[in-house]
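Below is one structure, written out as structure tokens, with a few remarks after it.
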Amino acid sequence: MSQAADDYDSPWKEAIHRFFPDFLQFFYPQVHQDIDWSVPHRFLDRELRKVTRNSVQGNRRVDTLIEVQSLSRGAQWLLIHLEVQSQHDAKLEARMLLYNARARDHFQRTVASFVILADSSSNWRPTSFHDTIWDCSLKLEFMMRKLIDY
């Protein structure tokens, strides 16, 4: 990662780590409501780096993996994969699918994927990856928020 990208990523990562419940409350209130906050959440960023280390890395983004307990799923532990992307990246959707699948496979847990877009384009709003050939289909829908909307 370049020094400039690291300068951008570090404050995001620190803010998410320090204010995760508030972060979710602001951007994803319906998700915040379904987390049992009486049970400590756990950041698995180091583990995420191990799972995704062979992937091509895009510029200026933050990947975070958080283990939380769901209220609606009978105290089931889930993973939240959160990515902050500051520049348009044509490979974002495929990368979201890849990281979701790798985390699901490695941890054997349900993974919810969220992306925060910090770029300045009002038109770029990816929310899914979809690939189909013949009668085979693969799709991931992820929750997206755009900072310029706020």
Next on the checklist: If you apply the rule side-chain contact (heavy atoms from CB on, under 4.5 Å), what do you find for I35 with L24, and how did you get there?
Outcome noted: CA-CA 10 Å; I35 293 176; L24 270 188; 3.4 Å; yes
Item to check | Test log, rule side-chain contact (heavy atoms from CB on, under 4.5 Å), inputs H41 and I66 | outcome: CA-CA 7 Å; H41 57 280; I66 310 106; 4.0 Å; yes
Next on the checklist: side-chain contact (heavy atoms from CB on, under 4.5 Å) for R95 and E83? Distances and angles first, verdict last.
Outcome noted: CA-CA 10 Å; R95 192 172 66 246; E83 185 149 335; 2.4 Å; yes
Item to check | Verdict with supporting geometry, T127 and E141, side-chain contact (heavy atoms from CB on, under 4.5 Å) | outcome: CA-CA 6 Å; T127 58; E141 294 179 359; over 6 Å; no
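Ring-centre distance between F114 and F142: not below the 6.0 Å cut-off. Taking the centre of each ring, Y150 and F26 come in below the 6.0 Å mark.
Applying the salt bridge (charged side-chain N to carboxylate O under 4.0 Å, His left out) definition to pairs two or more places apart or across chains, those involving residues 120-136 are R125-D149.
In this structure the side chain of M96 reaches within 4.5 angstrom of the side chain of H81, judged on heavy atoms. Side-chain contact between P126 and L117 is present, with at least one heavy-atom pair separated by less than 4.5 Å. Looking at heavy atoms from C-beta onward, W37 lies in side-chain contact with H32 at the 4.5 angstrom threshold. A heavy-atom distance below 4.5 Å is not found between the side chains of S113 and M143. Using a 4.5 Å cut-off on side-chain heavy atoms (C-beta onward), V115 and R145 make no contact. At least one side-chain heavy atom of K13 sits under 4.5 Å from a side-chain heavy atom of T64. Within the 4.5 Å cutoff, side-chain heavy atoms of R109 are placed close to those of E67. Residues R73 and L78 form a side-chain contact, since some pair of their non-hydrogen atoms from C-beta on lies under 4.5 Å apart.
By the 30° and 60° cut-offs, the orientation of the rings of H17 relative to F43 is parallel.
In the hydrophobic clustering of ILVMFWY residues, with side-chain heavy atoms under 4.5 Å counting as a link, L71 and F20 come out apart. Under the 4.5 Å side-chain heavy-atom criterion for grouping Ile, Leu, Val, Met, Phe, Trp and Tyr, F19 is not connected to I116 through any hydrophobic cluster.
Within the hydrophobic cluster formed by Ile, Leu, Val, Met, Phe, Trp and Tyr side chains joined at under 4.5 Å, directly or through other members, V39 is accompanied by W77.
Considering all non-hydrogen atoms of both residues, S121 and I148 come closest at O-CD1, 3.7 Å.
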